[in-house]
Each structure stands twice: as structure tokens, then as C-alpha cells.
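Side chains included, hydrogens not; waters and symmetry mates left out as well; all remaining heavy atoms used. Atoms within a ligand are numbered from 1 in the order they appear, just like the ligands themselves.
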Amino acid sequence: MINVAPTLFWLDLCLVGIGAYLVKQVLNKNPSYPPGPRGWPLIGNIQDIPQIKPWLTFAEWGKKYGAISHVKVMGQHIIVLNSVKSTIAMLDKKGTIYSDRPVLPMSGELVGWKHSLGLLPYGDRFRQYRKNIHQIMGSRAALNVYHLIEEIETRRFLKRVFSNPEQLQAHIRHTAGAIILRISHGYEVKENDDPFIDLADSAMDHFSRSTVPGAFIVDTMPFLANVPEWFPGAGFKRLARECRQTLKELVDLPYKFVKDQMDAGIAPMSFTSNLLEGRILSAEEDHVVKWSAASLYAAGAEATVSTVYSLFLAMTLFPDVQKKAQAEIDAVVGTDRLPAFADRNSLPYIEALVTEILRWNVVGPTPIPHRVTEDDIHEGYLIPKGSLIITNI
Ligand code: HEM
């Protein structure tokens, strides 16, 4: 008698193997989008994303659908990341396809913010800006070089607050600008009415206004970017021209200041002077140095101002915490000098307080989205090319 049992066993194994392979093939061919709220035909999920505090809604999606969720608004795929792990796995580890930025017709194209790192398309130029900035911000050792500038400008800040406390907000803004301009261009700001600080304030105000979603028709209908200024309803073009001029001055004038100082042999060390020293730049290199320096201001000033505002707010709302923080400083530093960076490791309560401020009032709960340049399969989900990635972490 023929024993069929072993033959059947091997046949079963083969069939299971082939079945698993086919299922995998089908799944790989048709991976689904990450989960998310159901949309409506045509308009998709437009009603699911609130204009005010959208990050609270995104956090709810995180609880309901997991770390990666998906919606579609007027044909645009949007992926919301609610975990640090997914954010690192996608935006960092797969940075070559996740680092592009959306095209914003008003602020990016017409005003020209697309040349700053925050809206710069991914490519060689992008990598060059990042390389330059990495030199001054890429490590703790690189940042330590600027401690002295931060300490000097902080003392000036305290003097101003002491003599004119009603102007606290203006002092914070002035100081954040002063620190960054010294780092980026070696420029020492004037005590009052500094032209570069005023210029930067106007440019940043224009940036905030020109990126408000839905504020400009050209953002919904990009072809309108080509209409002439006199065209009825094309007020946005006139506004864009004014904003473009301010931005151009913000980028060009501090850069010219550094070059003039270098020609005169009196330029202090700065991000820009380091990149210019001993080099004759091509037009492209000139653009990269000029705009990567300006990107520092654009990226750093508002974030710093907002964080320091939060510190003052927290100290007003929670006086007990303020008392504990002061007690630690008095015990460690004493009362006859101000704290310095060298004291940092001996001030654990202050360190925790700073971290808590950043957590308590997150500066950019939903930063400028990234854009995916190729279809990707991530954790089994399809992330289609062109998706906008919003981080909510
Ligand atoms: C509380 C302070 C700050 C916070 C919370 C903060 C937060 C952020 C966030 C969320 C991004 C977006 C990252 C992305 O989309 O991939 C960013 C980008 C950036 N920040 Fe900050 N930032 C702060 C201060 C600063 C300062 C002081 C500077 C420089 C002086 C700076 C320079 C930059 C630059 C250059 C980028 C663009 C990086 C890139 O696209 O590669 N930031 N920051």
C-alpha cells in the first residue's frame, strides 16, 4: 500500500506557502491608505479639519486611528503623524523622499519665501543650506560657541526690562532678533529702532499674513498668479510685490553689511562671514549663503519670542514655581551674579522648567507640512506621492 500521508503533508505546505505569497502580492499591490475619518464625495474631509486649533482634532485622530492617519481634502492627500516614532521613521529615516515642501502660491511663489529653508523644495540647494546650517547648529559643541553672545544680549534684555517693564513684549522680540543677527551676520543691533529688526518684524508679519489658509484666492487657483496687477480682484499681486520688496531687503541688506565689514577688515566672526571667508562665490553659492543666513532669522526669531512669552506667562500664572526656580538659582549661583551657561548642569529645576515650557505651550504644534516626492509603503499603508505630511507631536 502506498503511504500518502507525507506526500499530502508536503503538498499542504506548498499550498499554504503559495497562498501566503499570493495574499502578500495582492496586499502589496493594493495597500490601503492609513485609517482616518470618512470623507464626502468631491470635498473629502474638508469639514473634518477645523480652522482653529486643528492639532486638538489631530490628537483625537491619533487616539482613534493610531499614529498615522489619512484624510483627503479637495483631492489632496494629507497624512497626520501623531507619534515621535513614526515621525522619525518617515521624515528622518526616509528623508530623501519626505523632505519636500508644499507649493504655496502667495507666500512661497509670489512673495518669494520659497527661497528660505522653511519652504524650499527638496534638492541640491536644500542640501547645501542644511549643510551650512549644520555647521553652526548641528552639535552642542557648535552651539556652545554662541553662549557668550546669548549671555551678553540677555544682560542687555534684563536692563531694558528693569528700566521699562511695560514694554516687555518689545524687549523680548528685540533680544531674540539681536541674538540671531549677531550669530547669522555679526550685526550688533541698536538699542532702539534698529533698521534690521524693524525690517525683520515686517517681513515676518508678512509671512504670517500670507500663509493664512484661504486668505488669498491665488492659493486656491494658482493660475491667477499670472494675472497683471491692474486686473480686477488682483489686489493680492500688489500686496505680494510690497512683501517681496521687504523680504528682498531683509535678505540683501544684512548680507551687504557683512561684505562691507569684511572689505574693511572689521567683520566679527558670524555664520555669514565664515561662509564667505577666503572664497569667491558663484551666483548660486552667493544665493545659498545669503538665503541660508536669512533662513536662520525666519526660523529662529518667532520660535524664541513665543517660548520666552510662555515663560513669563507661566511665572505669572504659577508663582509657586517661580519661587522654587528663584530659590534654586539663589542657592546655586548666589545673589551677586547672574546665572550663566556654565551653571546649567547644576540647575536641574530650571532645566525641567524650560522643558516644561516647551511642552506646555508648544511653539509650532503643526509646523509647515512636508511633502512626499514618491509613493511609499509605510507600515503596510500607502502614502501616495504628493501627500502632505503634518506632524502633531
Ligand atoms: C523654542 C525654540 C524653537 C522651536 C520649538 C523650533 C521648532 C522647529 C520646528 C518644529 C521646525 C520644523 C522642522 C521640520 O519641519 O522638519 C524647525 C525648523 C527649523 N528651525 Fe527651529 N525651533 C526653535 C528655535 C530655532 C532657532 C533659535 C533657530 C536658529 C537660530 C532655528 C532654526 C531652524 C531652522 C534653520 C529650521 C529648518 C530646518 C530644516 O528645514 O531643515 N530654530 N524648528
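Note on ligand 1: Arg101 sits in its first shell, one or more heavy atoms being nearer than 4.0 Å. Residue contacts with ligand 1 do not include Val362, since none of its heavy atoms lies under 4.0 Å from the ligand.
Shortest contact from atom 22 (N) of ligand 1 to any protein heavy atom: Ala303 CB, 4.0 Å. Residue, atom and distance of the protein heavy atom nearest to atom 1 (C) of ligand 1 are Thr307 OG1, 3.0 Å. The nearest heavy-atom contact from the protein to atom 26 (C) of ligand 1 is Gly300 CA, 3.3 Å. Nearest non-hydrogen protein atom to atom 34 (C) of ligand 1 is Ala299 CB, 3.4 Å. Among protein heavy atoms, atom 15 (O) of ligand 1 sits closest to His370 NE2, 3.0 Å. In terms of protein heavy-atom proximity, atom 30 (C) of ligand 1 is nearest to Leu296 O, 3.9 Å.
Within a 4.0 Å radius of atom 43 (N) of ligand 1, the protein contributes no heavy atom. Checking atom 28 (C) of ligand 1 against the protein gives a heavy-atom contact under 4.0 Å. For atom 7 (C) of ligand 1, the protein comes within 4.0 Å by no heavy atom at all. Per-atom contact check: atom 37 (C) of ligand 1 touches the protein, criterion being a heavy-atom distance below 4.0 Å. Remark: atom 32 (C) of ligand 1 lies closer than 4.0 Å to at least one protein heavy atom.
Between Lys259 and Asp286 there is a salt bridge, with a side-chain nitrogen of the basic residue lying less than 4.0 Å from a carboxylate oxygen of the acidic one. Note on Arg173 versus Glu302: salt bridge recorded, some NZ/NE/NH1/NH2 to OD/OE distance being below 4.0 Å. Between Lys72 and Asp48 there is no salt bridge, since none of the side-chain N atoms of the basic residue sits less than 4.0 Å from a carboxylate O of the acidic one. Ion pairing of Glu150 with Arg155 is absent here, as no side-chain N (NZ or NE/NH1/NH2) approaches a carboxylate O to less than 4.0 Å. Ion pairing between a basic and an acidic side chain is recognised when a charged N comes within 4.0 Å of a carboxylate O; Lys324 and Asp320 show no such pairing. Salt-bridge formation is detected for the pair Arg209/Asp205: a Lys NZ or Arg NE/NH1/NH2 atom is positioned less than 4.0 Å from an Asp or Glu carboxylate oxygen.
The ring of Phe207 has its center closer than 6.0 angstrom to the ring center of Trp113.
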query = Yes or no on side chain to side chain contact (heavy atoms under 4.5 Å, CB included) for Trp291 and Tyr255, after CA distance, side-chain angles and deciding distance?
reply = CA-CA 9 Å; Trp291 277 92; Tyr255 188 59; over 6 Å; no
message = Could you walk me through whether His77 and Tyr33 satisfy the ring-ring contact (aromatic ring centres under 6.0 Å, His included) test, starting with their C-alpha distance in whole Å, then the side-chain angles of each, then the deciding distance to 0.1 Å, before giving a yes or no?
response = CA-CA 9 Å; His77 292 281; Tyr33 301 130; 4.8 Å; yes
task = Give the C-alpha distance, both sets of side-chain angles, the deciding distance and a yes or no for side chain to side chain contact (heavy atoms under 4.5 Å, CB included) between Gln128 and Glu284.
result = CA-CA 10 Å; Gln128 197 54 51; Glu284 172 62 16; over 6 Å; no
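Remark: ligand 1 atoms within the under-4.0 Å shell around heavy atoms of Thr304 are 27 (C). Residue Met137 approaches ligand 1 through these ligand atoms, each under 4.0 Å from one of its heavy atoms: 28 (C), 29 (C), 31 (C), 32 (C). Of all atoms in ligand 1, listed by their number and element, those nearer than 4.0 Å to a heavy atom of Leu358 are 1 (C). In summary, the atoms of ligand 1 found under 4.0 Å from a heavy atom of Pro367, numbered by their order in the structure, are 10 (C). Taking every heavy atom of Leu117 and a limit of under 4.0 angstrom, the matching atoms of ligand 1 come to 37 (C), 38 (C), 39 (C), 40 (O), 41 (O).
Linking ILVMFWY side-chain heavy atoms closer than 4.5 Å, directly or via other members, places Ile350 and Leu313 in two distinct hydrophobic clusters.
For the side chain to side chain donor-acceptor pair (under 3.5 Å) criterion with Thr175, the lone passing option out of Arg156, Glu153, Arg160 is Arg160.
Nearest to atom 5 (C) of ligand 1 by heavy atom, out of Ile180, Val363, Leu91, Asn132, is Val363.
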